[in-house]
Amino acid sequence: MILILKKEITEEQKNHILSVLSGEGYLAREASDGGRSLIGAVGKPAQDLDHFKRLPGVAEVIPVSSSFKLASRKMHPEDTTVNVGDVVIGGERIVVIAGPCAVESREQALTIAREVGKYGAVLFRGGAFKPRTSPYSFQGLGEDGLKILAEVRDELGLGIVTEITSLAQADMMMKYVDVVQVGARNMQNFELLKCVGRMGKPVLLKRGLSATIEEWLMSAEYILSEGNDHVVLCERGIRTFEPYTRNTLDLSAIPVIKNLTHLPVIIDPSHATGMREKVSPMARAAIAAGADGLMIEVHHDPDKAFSDGPQSLYPKQFGQLMRDIYVIAPVIGKQLDFGYLDKAKAVKLTSEARGDGVRRAAFLGELGTFSHKACTQYFGTEVSAVPMSSFKQIFEAVKGGEVDFGVVPLENSLTGSIHENYDHLLEYDLRIIGEITVRIMHNLIAHSGTRVENIKRVFSHPQVFQQCRQFLEQHQEWELVSARDTATAVRRIKEKGIATDAAIAGKVAAEIHGMEVIQEGIEANPRNYTRFVVVSKEPLENGPHRRSSLIYSAGNQPGALYETLQIFAENGINLVKLESRPIHGKPWEYMFYVDLEADIESPDLKPVLDELKKKTDYLRVLGSY
Ligand code: PEP
Ligand code: MN
């Protein structure tokens, strides 16, 4: 059962409730749901609900009849995130685990780890104990394999995921690995589930070959009920009558799981399909369907792999898949972050330099705006997001060291460049250390129970009304009220408490203010994206350096711009953006902002930069990121 607590409950009353529950043999867990505090009580069937309802501080008691309780979303309405070092599984960033089926040698593991790390995998997989169908197949290197995996982590900084097949391996796993995988064949090995529950390390729980979703969640319940909440579910295909693929990937499990449980879910398309050429299409589909991540088998020489060669991607194919995912993720409000681990490391260094341990990133507007989403999505929850009231204030705060980073929009796919920020980039001597593209999806948000036909007044930013024009034209009787930003609009209707008011904003604003989305995606053009850049005083050490941004002015003579662009063309450097801004005080002279697909500060490209210097009056590298 779930006990919903009164808002004004005292600490004493809560402790009393917890002691009553434990005295009666329940396992009690505290949780929260959009501002409400709850206590989940499991371990035995709830009998006299009224008895608990009468306890001081309890507002309501809800029986939970499902066989999985701790895993149930009813018990824990917010998404659970599982941390593995700097990696967070279940947040807005897609987590990709990659590596060979089995560790075969030190050389093989390191070679593959370098490749997958280069392309953006953040955790390394590889079996040291292989549960093979035939006893004559390669069984894994055992503890020697685990030692190799630990070496990979030490050398490359990738956390390790590997399978545990027996209770006897628990101590070894504790010593060498970061995530223990319970394989499909062991999903109902209840002693093993209890053991990994007690180990307390993050667990990757694969779905059994013929397990229903409910059976799978009950297996997760075994782990949770030992006090280990760090469980990630992994769908890897189930047995059906279809022999063409090794298994049948149950993609519909993703939305089902998301509804039933708060635990993150990732997809393993390698074991699901068993065929290399089917892996990438299924991986792309999985991300589109809402998976929190992927686990992919990759081998540099799959023909010689000891196991699962035919389903292992070549590193280059894996790289291409990652690029695809990079493009797909923003469509569903997520991100594949190529600089994930480097960024985490660099952000930590920043905090050490500051001394107080708190890292701050400034954004424009209130909590719940798209700028806020860009900020939290880019940094995760490690960095505290600081709202500011103007772009200039953000640049000033970064310059003055009041915050470590600033997140500012540079362009919107529908409305074009945000010129003010281009001018600030020139004025302030800051570095661009990263970029993030956020899809702008507008929703009609109102009080719970309000229906579209009851609405009389709608609050939002004037530009948002423009972007939702077609939808609003169907409701011409609505009064449109301007607000400073989308999140302010939601806050205002919440504060006013009028049932016929609505706001247009992103989902996060609705979540923050406990309001309801009554219609999703009401913007006229679904290809509405805003690209933000992250600025800082110092460059990021060891960042991914895939792109660079420059500012320069070319002379005021014919062909001057052309001559600079020719340098990029002749050196095979792809130009992805060219923007010009008038130079203040010099009428008809322009500053050019150029984005390139290259690390312009790398030693290889020094001659290119030198040549560019000769052809420009002013040149500054804003950053490589
Ligand atoms: C594996 O991931 O290496 C593996 C054996 O997977 P599964 O348990 O899904 O067959
Ligand atoms: Mn395998």
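Model, not experiment: these values are computed from the prediction. Start at 1 and go down the list; that is how both ligands and their atoms are numbered.
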ask   = Would Arg246 and Gln311 satisfy side-chain hydrogen bond (donor to acceptor under 3.5 Å, both in side chains), going step by step from the backbone distance to the final call?
value = CA-CA 10 Å; Arg246 182 171 171 180; Gln311 70 192 31; 2.6 Å; yes

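From the protein, the heavy atom lying nearest to atom 9 (O) of ligand 1 is Arg236 NE, 2.5 Å. Ranking protein heavy atoms by distance to atom 6 (O) of ligand 1, first place goes to Lys206 NZ, 2.9 Å. Remark: minimum distance from atom 4 (C) of ligand 1 to any protein heavy atom is reached at His271 NE2, 3.5 Å.
Distances under 2.8 Å from the Mn ion (ligand 2) pick out the protein N/O/S atoms Cys101 SG, His271 NE2, Glu297 OE2, Asp308 OD2.
Within ligand 1, counting atoms from 1 as listed, the ones closer than 4.0 Å to a heavy atom of Gly183 are 8 (O). Heavy-atom proximity to Lys130, at under 4.0 Å, picks out these atoms of ligand 1: 1 (C), 3 (O), 5 (C). Within ligand 1, counting atoms from 1 as listed, the ones closer than 4.0 Å to a heavy atom of Arg185 are 7 (P), 8 (O), 10 (O).
Under the 4.0 Å criterion applied to side-chain N and carboxylate O atoms, Glu155 and Arg114 are assigned as salt-bridge partners. Ion pairing between Arg276 and Asp308 fails under the 4.0 Å rule for side-chain N and carboxylate O. The pair Asp599-Arg547 does not meet the salt-bridge criterion, since no charged nitrogen lies less than 4.0 angstrom from a carboxylate oxygen. Using a cutoff of 4.0 Å between basic side-chain nitrogens and carboxylate oxygens, Glu520 and Lys507 are scored as salt-bridged.
For the pair Arg531 and Phe370, the cation does not sit on the ring face, since its NZ or CZ is not both under 6.0 Å from the ring centre and inside 45° of the axis. Relative to the six-membered ring of Tyr244, Lys278 misses at least one condition, a distance below 6.0 Å or an angle of at most 45° to the axis.
The shell of residues lying under 4.0 angstrom from ligand 1, judged by heavy atoms, excludes Arg207.
Between Leu263 and Lys258, the shortest heavy-atom distance links the atoms O-NZ, 4.5 Å. Considering all non-hydrogen atoms of both residues, Gln108 and Ala102 come closest at NE2-O, 3.1 Å.
Considering backbone and side-chain N/O of Ala184, one or more are found under 3.5 Å from N/O of ligand 1. Residue Glu163 has no nitrogen or oxygen atom sitting less than 3.5 Å from a nitrogen or oxygen atom of ligand 1, judged on distance alone.
Under the salt bridge (charged side-chain N to carboxylate O under 4.0 Å, His left out) criterion, Lys175 pairs with no residue at all, not counting sequence neighbours.
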